[in-house]
Peer 1: 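Have a look at this one.
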Amino acid sequence: MKTPTATPLYYIGLMSGTSLDGIDAALIAIEGDSPPHLLATHAEPMPDELHRLLFKLCHAEQVSFAQLAAAEHAFCQCQAQAVQHLLAPLSVDIEQISAIGSHGQTIEHAPAGHSDGPAYTLQLDNPSLLAELTGCTVVADFRRRDLAAGGQAAPLAPAFHQALFGRADAHQLVLNLGGFANLTWLSSQPTDPVIGFDTGPANVLLDGWFALHQGGRFDQDGDWAASGKIDEALLARLLSEPFFQQPPPRSTGRELFHLDWLRKHLSGQEAAADVQATLAELTAVSVAHGIEQLRIGSGPLTLITAGGGAHNAYLMQRLAYHLPRATLTSPAAYGWPEDWVEAGAFAWLAHQRLHHLPGNLPSVTGAQGPRVLGGIYAP
């Protein structure tokens, strides 16, 4: 097995989440066994036409090959632009980049399969085209190897959280608030397994309901949610979803939590702003329930909050309300602003792949063992 050298190695991570708002590009440096270091970032906006096409594909029962090809091509062009714009102001050439870690765009995630069919997860991507457009080695298709080994293929970020936030002198709890919320528990005891799992929806329903009723892509600072009133009866109906009671390992996606799922629980009498407030409460309560499932005692907690949802002031207020023993901390204290942890994770996963090191954690995904994740596409 190869081991990393002590010379700094540079990687780019590309991440497009379920919000479909753009592609996050992060340049990181890895030197020996030191935690990864974030060097530069760039957010490439998702063109409106591509956003609409990807959203349609995520919710389509049937799609054409032409639609998939068009979306994949446009998506990879957007990725290449993200790389170009990331490096343009820097004194770093593409030849200095060891690899690009490309997550792709999740179209559907079904780790339990459907009916009698096999488990699957589908990330729209074309790493061959991306390698051609950038002139850089690309590592992609990270999730399916874990799935092949009996895992959920998600979440993958906890392994990176361990590399980035793990401490021998303190427990750490990491919360990512992307389209979906996931928790990572990092014990200070090296023999304790890392625990990580999805707790439920975060921005995916908040963004969708906001776009439907207010236009735009997201509720800035949660102001619209804050203008509403939490509907306790609606909240109880939403929390009756069996997913919230499943023990880890567990993961979820748009296949379960989408606007049609929400509509099934509405009486039709709710004010739109009240539904938005209740969706924020759903995220906060399900995260609190997830922490209870960890059974990590009753003492004070430090909760490192990352992802776009960390900018939602109302959501953060509701989290603080339901987690009175937790101190909510930004990952910026560790050199990683809220929006860049996931993109950094896929840069780190590219490093793991090139050095034949595992990228998953069986204690998180439920896979049969550690696996080297991703395929390598040379320029």
Side-chain angles (χ1 to χ4, degrees), residues 11-28 36 38 41-44 46 50-51 54 57-58 71-72 74-83 86 97 99-109 111 120-131 133-134 136-147 151-161 163-164 176 178-180 182 196 198 203-204 251-254 306-308 336 339-354 359-361 364-365 371-377:
Y11 298 87
I12 292 173
L14 300 177
M15 177 65 190
S16 175
T18 49
S19 63
L20 304 174
D21 56 356
I23 295 172
D24 292 338
L27 173 65
I28 75 168
L38 181 64
T41 62
H42 171 73
E44 186 72 19
M46 189 79 74
L50 179 57
H51 179 274
L54 291 173
L57 292 174
C58 287
E72 193 173 65
F75 180 77
C76 284
Q77 288 182 315
C78 195
Q79 286 183 306
Q81 290 173 356
V83 172
L86 172 69
I97 306 301
I100 296 169
S102 173
H103 172 264
Q105 178 63 60
T106 296
I107 298 300
E108 187 156 315
H109 179 67
Y120 65 92
T121 184
L122 176 61
Q123 283 71 47
L124 183 146
D125 204 357
N126 187 342
S128 295
L129 177 59
L130 184 58
L133 292 173
T134 62
C136 186
T137 296
V138 174
V139 183
D141 190 18
F142 291 100
R143 296 191 182 276
R144 290 194 293 180
R145 182 58 192 276
D146 184 88
L147 193 74
Q152 294 269 315
L156 295 182
F160 178 63
H161 294 161
L164 190 62
N176 180 65
F180 294 86
N182 55 69
D198 288 351
N203 299 325
V204 65
S251 61
T252 190
R254 287 180 180 270
W336 288 79
D339 295 326
W340 302 105
V341 175
E342 281 212 292
F346 286 92
W348 178 82
L349 283 168
H351 169 82
Q352 295 294 100
R353 176 62 186 90
L354 291 191
N360 68 336
L361 290 172
V364 170
T365 67
R371 295 292 188 269
V372 177
L373 307 180
I376 300 173
Y377 298 77

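Note: hydrogens, waters and symmetry copies are ignored here, and every other heavy atom, side chains too, is used. Throughout, numbering of the chain's residues begins at 1 and tracks the sequence. This one's a predicted model, so the numbers in the text were calculated from it and none came from an experiment.
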Peer 1: Side chain to side chain contact (heavy atoms under 4.5 Å, CB included) for His51 and Leu20? Distances and angles first, verdict last.
Peer 2: CA-CA 6 Å; His51 179 274; Leu20 304 174; 3.6 Å; yes
Peer 1: Do you know which two heavy atoms are closest between Ile28 and Trp336, and how far apart they sit?
Peer 2: CG2-CH2, 3.5 Å
Peer 1: Ignoring hydrogens, what is the shortest heavy-atom contact between Ile107 and Leu57? Give both atom names and the distance.
Peer 2: CG2-O, 3.6 Å
Peer 1: Check Arg254 against Phe180 and note the closest heavy-atom contact, atom names and distance.
Peer 2: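 What the structure gives for the nearest pair is N-CZ, 3.4 Å.
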Peer 1: Near Arg144 CZ, under 6.0 Å, is it more than 12 heavy atoms from other residues, nucleotides or ligands?
Peer 2: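 It does not: Arg144 CZ has 12 such atoms or fewer within range.
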Peer 1: Taking His103 as the fixed residue, which of Glu342, Arg143, Gln123 is the one that meets the side-chain hydrogen bond (donor to acceptor under 3.5 Å, both in side chains) rule?
Peer 2: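 Between His103 and the candidates, side-chain hydrogen bond (donor to acceptor under 3.5 Å, both in side chains) is satisfied uniquely by Arg143.
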Peer 1: I'd like to check Asp24 versus Thr41 (side-chain heavy atoms, cut-off strictly below 4.5 Å). Are they in contact?
Peer 2: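 Heavy-atom side-chain distance check fails, nothing below 4.5 Å.
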Peer 1: Please report the interatomic distance OG1(Thr121) to CZ(Phe142), rounded to the nearest 0.5 Å.
Peer 2: 13.5 Å
Peer 1: Measure across Ala343 and Ala26 and return the closest heavy-atom pair with its distance rounded to 0.1 Å.
Peer 2: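 Closest approach of Ala343 to Ala26: CB-CB, 3.8 Å.
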Peer 1: To the nearest 0.5 Å, how far apart are OG1 in Thr134 and CD1 in Ile12?
Peer 2: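 CD1 of Ile12 is found 8.0 Å from OG1 of Thr134.
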Peer 1: Looking at every heavy atom in both Val139 and Leu373, which two are closest together, and how far apart are they?
Peer 2: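 Taking Val139 first and Leu373 second, the nearest heavy atoms are CG1-O, 4.5 Å.
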Peer 1: Which heavy-atom pair separates Ile23 from Ala82 by the least distance, and what is that distance?
Peer 2: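 The pair with the smallest heavy-atom distance is CG2-CB, 4.2 Å.
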Peer 1: Kindly assign one of parallel, tilted or perpendicular to the pair Phe160 and Trp348, based on the angle between their ring planes and the thresholds 30° and 60°.
Peer 2: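 Plane angle between 30° and 60°, so tilted.
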Peer 1: Would you give the length of the straight line joining atom CG of Leu129 to atom CD of Gln77, rounded to the nearest 0.5 angstrom?
Peer 2: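 These two atoms lie 7.0 Å from each other.
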Peer 1: Output all residues satisfying salt bridge (charged side-chain N to carboxylate O under 4.0 Å, His left out) with Asp21, sequence neighbours left out; order by chain, then residue number.
Peer 2: none
